[in-house]
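To keep things clear, I will list the structure first and then write my remarks on it.
What's counted below: heavy atoms across the whole structure, side chains too, no hydrogens, waters or symmetry copies. Here, residue 1 is the first one in the sequence, and each next residue gets the next number.
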Amino acid sequence: MIIPCNSSLQKATFFLTGFQGLEDLNGWISIPFSSIYLTVILGNLTILHVVHTDATLHEPMYYFLAVLALTDLGLCLSTLPTVLGIFWFGAREIGIPACFTQLFFIHTLSLVESSVLLSMSFDRYVAICYPLRYSTVLTPARVVKMGLSLVLRSALLILPLPFLLKRFQYCRSHVLAHAYCLHLEIMKLACSSSIVNHIYGLFVVACTVGVDSLLIFLSYALILRTVLSIASHQERLRALNTCVSHICAVLLFYTPMIGLSLVHRFGEHLPRIVHLLMSYVYLLLPPLTNPIVYSIKTKQIRQRIIKKFEFVKSLKCFRQD
């Protein structure tokens with residue numbers, strides 16, 4: 001869709017895109033997407049409810065898990081209105097202020113997720129390498145400060161992006177390739193040079209995701225060194241087992257991110273639908289799978305969820321009697 005440069009609508013609106021060429025199937029395509037969003041919302045709300053209501057889970061590890069669930073929930077809700085709006089109602093138009101707001105929340109929450117995973121790796125490092133100092137190092141006050149600082153860091157780094165985009169004139173097509181707004185995609189529609197945006201974007205990625213991933217790798221190298229020094233084979237397995245859920249969460253976050261980067265960098269010849277699917281996998285896979293992984297692999301979470309369901313089931317039976 002090409003819109004004339006002098007169009008007033010063009011100056012105030014971007015046009016989102018679902019699966020181009022499959023518009024007649026939007027109703028069917030909306031079914032799996034609606035199911036995914038519903039599962040994400042219910043799964044992460046369940047984790048938040050369990051951690052909040054069970055006093056035995058009021059520990060740093062589970063506080064960080066609650067922050068991760070809250071971040072995943074926010075990331076899901078940031079894209080839900082526009083994605084389902086296209087599939088349900090064919091609503092492709094989005095105002096530039098709304099687009100920049102969505103962009104801010106998507107990128108901020110993605111960086112927050114990376115920071116939360118780093119905080120969780122630090123939690124595992126202290127718990128395994130310095131177990132006797134765990135309660136004194138990760139106090140509730142320090143956990144709160146860590147949570148606030150990682151949110152603040154992400155928000156402050158992303159805050160300039162909407163203002164950098166706002167200074168551009170968009171004389172090209174205002175049609176975006178996805179059903180949501182992203183910095184890199186909007187930047188490509190600008191008429192003038194976007195070198196400042198490119199440099200700042202690389203700086204943000206390097207000092208957040210880049211640094212976070214290196215520190216996570218370093219923490220696990222130190223954890224592995226400590227675990228290998230444990231004489232008992234059973235104790236080694238027990239120590240490593242406490243890290244399995246977090247390792248899965250790290251892989252589920254960074255693997256789609258690397259895959260999406262490779263597709264954008266080297267996959268120009270690939271069908272457009274591959275790019276679309278990879279972008280949806282990157283945004284929806286971690287929020288969808290994190291609650292499942294932690295519910296299955298973390299014994300305490302699994303037991304509390306089972307107890308909740310058993311309580312609800314017994315309550316229904318009592319009412320029927």
Item to check | All salt bridge (Lys or Arg N to Asp or Glu O under 4.0 Å) counterparts of R236, not counting sequence neighbours | outcome: none
Checklist entry - Just by distance, do the side chain of H183 and the backbone of L103 share a donor-acceptor pair under 3.5 Å? => result no
Next on the checklist: Is there a continuous path of hydrophobic side-chain contacts, each under 4.5 Å between heavy atoms, that joins I223 to I230?
Outcome noted: no
Next on the checklist: With a 3.5 Å distance limit and no angle check, can you tell me whether T255 reaches the backbone of L252 through a side-chain donor-acceptor pair?
Outcome noted: no
Next on the checklist: C191 vs F168, test: side-chain contact (heavy atoms from CB on, under 4.5 Å). Steps then yes/no.
Outcome noted: CA-CA 7 Å; C191 304; F168 289 134; over 6 Å; no
Next on the checklist: Is any side-chain heavy atom of L111 closer than 4.5 Å to one of L150?
Outcome noted: no
Item to check | Residue list, side-chain hydrogen bond (donor to acceptor under 3.5 Å, both in side chains) with Y37, at least two apart or on another chain | outcome: T79
Item to check | Neighbour count above 12 (heavy atom, 6.0 Å) for R238 CZ | outcome: no
Checklist entry - Judged by atom type as modelled, is there a donor-acceptor pair below 3.5 Å linking the side chain of R124 to the main-chain atoms of C243? => result no
Checklist entry - If every non-hydrogen atom of N290 is compared with every non-hydrogen atom of D72, which pair is closest and at what distance? => result ND2-OD2, 2.9 Å
Item to check | Approximate separation, where rounding is to 0.5 Å, of T298 OG1 and I305 CD1 | outcome: 9.0 Å
Checklist entry - Just by distance, do the side chain of S194 and the backbone of N197 share a donor-acceptor pair under 3.5 Å? => result no
Checklist entry - Tell me the side-chain hydrogen bond (donor to acceptor under 3.5 Å, both in side chains) pairs involving residues 39-62, sequence neighbours left out? => result T53-K308, D54-T56, D54-R304, T56-R304, Y62-Q300
Next on the checklist: Angle between ring planes, Y180 versus Y280, binned at 30° and 60°: parallel, tilted or perpendicular?
Outcome noted: perpendicular
Next on the checklist: Using a 3.5 Å distance criterion without hydrogens, assess whether the side chain of H246 forms a donor-acceptor pair with backbone atoms of L117.
Outcome noted: yes
Checklist entry - If you take all heavy atoms of H178 and H275, which pair is closest and at what distance? => result NE2-O, 4.3 Å
Checklist entry - Between the side chain of R142 and the main-chain N/O of V137, is any donor-acceptor distance below 3.5 Å? => result yes
Item to check | F87 vs S34, side-chain contact (heavy atoms from CB on, under 4.5 Å): CA-CA, chis, key distance, verdict | outcome: CA-CA 10 Å; F87 294 140; S34 300; over 6 Å; no
Next on the checklist: As a quick check of understanding, evaluate side-chain contact (heavy atoms from CB on, under 4.5 Å) for C181 and I186, giving each step before the final call.
Outcome noted: CA-CA 7 Å; C181 299; I186 296 174; 3.9 Å; yes
Next on the checklist: So K166 and I96, do their side chains get closer than 4.5 Å, heavy atoms only?
Outcome noted: no
Checklist entry - Under 4.5 Å between any side-chain heavy atoms of V250 and Y254, yes or no? => result yes
Item to check | R302 side chain reached by Y294 side chain, heavy atoms, under 4.5 Å | outcome: no
Next on the checklist: With a 4.5 Å cut-off on side-chain heavy atoms, are L161 and I158 touching?
Outcome noted: yes
Checklist entry - In Å, rounded to the nearest 0.5 Å, how long is the span from CG of N26 to CZ of F89? => result 12.0 Å
Next on the checklist: Could you check whether any side-chain heavy atom of I41 comes within less than 4.5 Å of a side-chain heavy atom of C76, counting everything from C-beta outward?
Outcome noted: yes
Checklist entry - In terms of hydrophobic clustering (I, L, V, M, F, W, Y; side-chain heavy atoms under 4.5 Å; direct or indirect links), are I29 and V281 co-clustered? => result no
Next on the checklist: Could you walk me through whether V83 and L16 satisfy the side-chain contact (heavy atoms from CB on, under 4.5 Å) test, starting with their C-alpha distance in whole Å, then the side-chain angles of each, then the deciding distance to 0.1 Å, before giving a yes or no?
Outcome noted: CA-CA 9 Å; V83 172; L16 304 170; over 6 Å; no
Checklist entry - Can you check whether T136's main-chain N or O pairs, donor with acceptor, with T139's side chain at less than 3.5 Å? => result no
Next on the checklist: How about CZ on R167, more than 12 heavy atoms from neighbouring residues, nucleotides or ligands closer than 6.0 Å, or not?
Outcome noted: yes
Next on the checklist: Once rounded to the nearest 0.5 Å, what's the spacing between atom CG of L84 and atom OG of S30?
Outcome noted: 7.5 Å
Checklist entry - Do F14 and H174 have ring centres separated by under 6.0 Å? => result yes
Item to check | Spacing of Y220 atom OH and L240 atom CG [to the nearest 0.5 Å] | outcome: 9.5 Å
Checklist outcome for this item: Nearest heavy-atom contact between L176 and T17 is O-OG1, 2.5 Å
Checklist entry - How are the rings of F19 and F33 set to each other: parallel, tilted or perpendicular (split at 30° and 60°)? => result tilted
Item to check | Separation of L222 CG from C129 SG (nearest 0.5 Å) | outcome: 6.0 Å
Checklist entry - Are a donor atom and an acceptor atom from the side chains of S154 and T108 found within less than 3.5 Å of each other? => result no
Checklist outcome for this item: Distance col, row T101:OG1 vs I106:CD1, nearest 0.5 angstrom, shows 11.0 Å
Checklist entry - What's the shortest heavy-atom distance between A91 and I86, and which atoms? => result O-CG1, 3.4 Å
Next on the checklist: Is it true that D123 and Y63 share a donor-acceptor pair across their side chains at a distance under 3.5 Å?
Outcome noted: no
Item to check | Flag, side chain of S78 to backbone of Q102, donor-acceptor distance under 3.5 Å | outcome: no
Checklist entry - Hey, any chance L184 and L283 share a hydrophobic cluster, counting ILVMFWY side chains that come within less than 4.5 Å of each other, even indirectly? => result yes
Item to check | Side-chain H-bond candidate by donor/acceptor type, R153 with S115, under 3.5 Å | outcome: yes
Checklist outcome for this item: Minimal heavy-atom distance between I301 and S295, with the atoms involved, is CG2-CA, 4.0 Å
Next on the checklist: Using a 6.0 Å cut-off, check whether atom CZ of R133 has over 12 heavy atoms from anything other than its own residue.
Outcome noted: no
Checklist entry - Linking I/L/V/M/F/W/Y whenever their side-chain heavy atoms sit closer than 4.5 Å, directly or via other members, would I199 and V204 fall into one cluster? => result yes
Checklist entry - Given the rule that I, L, V, M, F, W and Y join up when any side-chain heavy atoms are under 4.5 Å apart, are M120 and V293 in one cluster? => result no
Next on the checklist: Consider ring-ring contact (aromatic ring centres under 6.0 Å, His included). Of Y134, F217, Y130, which one does Y125 pass it with?
Outcome noted: Y130
Checklist outcome for this item: Of all heavy-atom pairs linking P162 and F104, the shortest is CG-CB, 4.3 Å
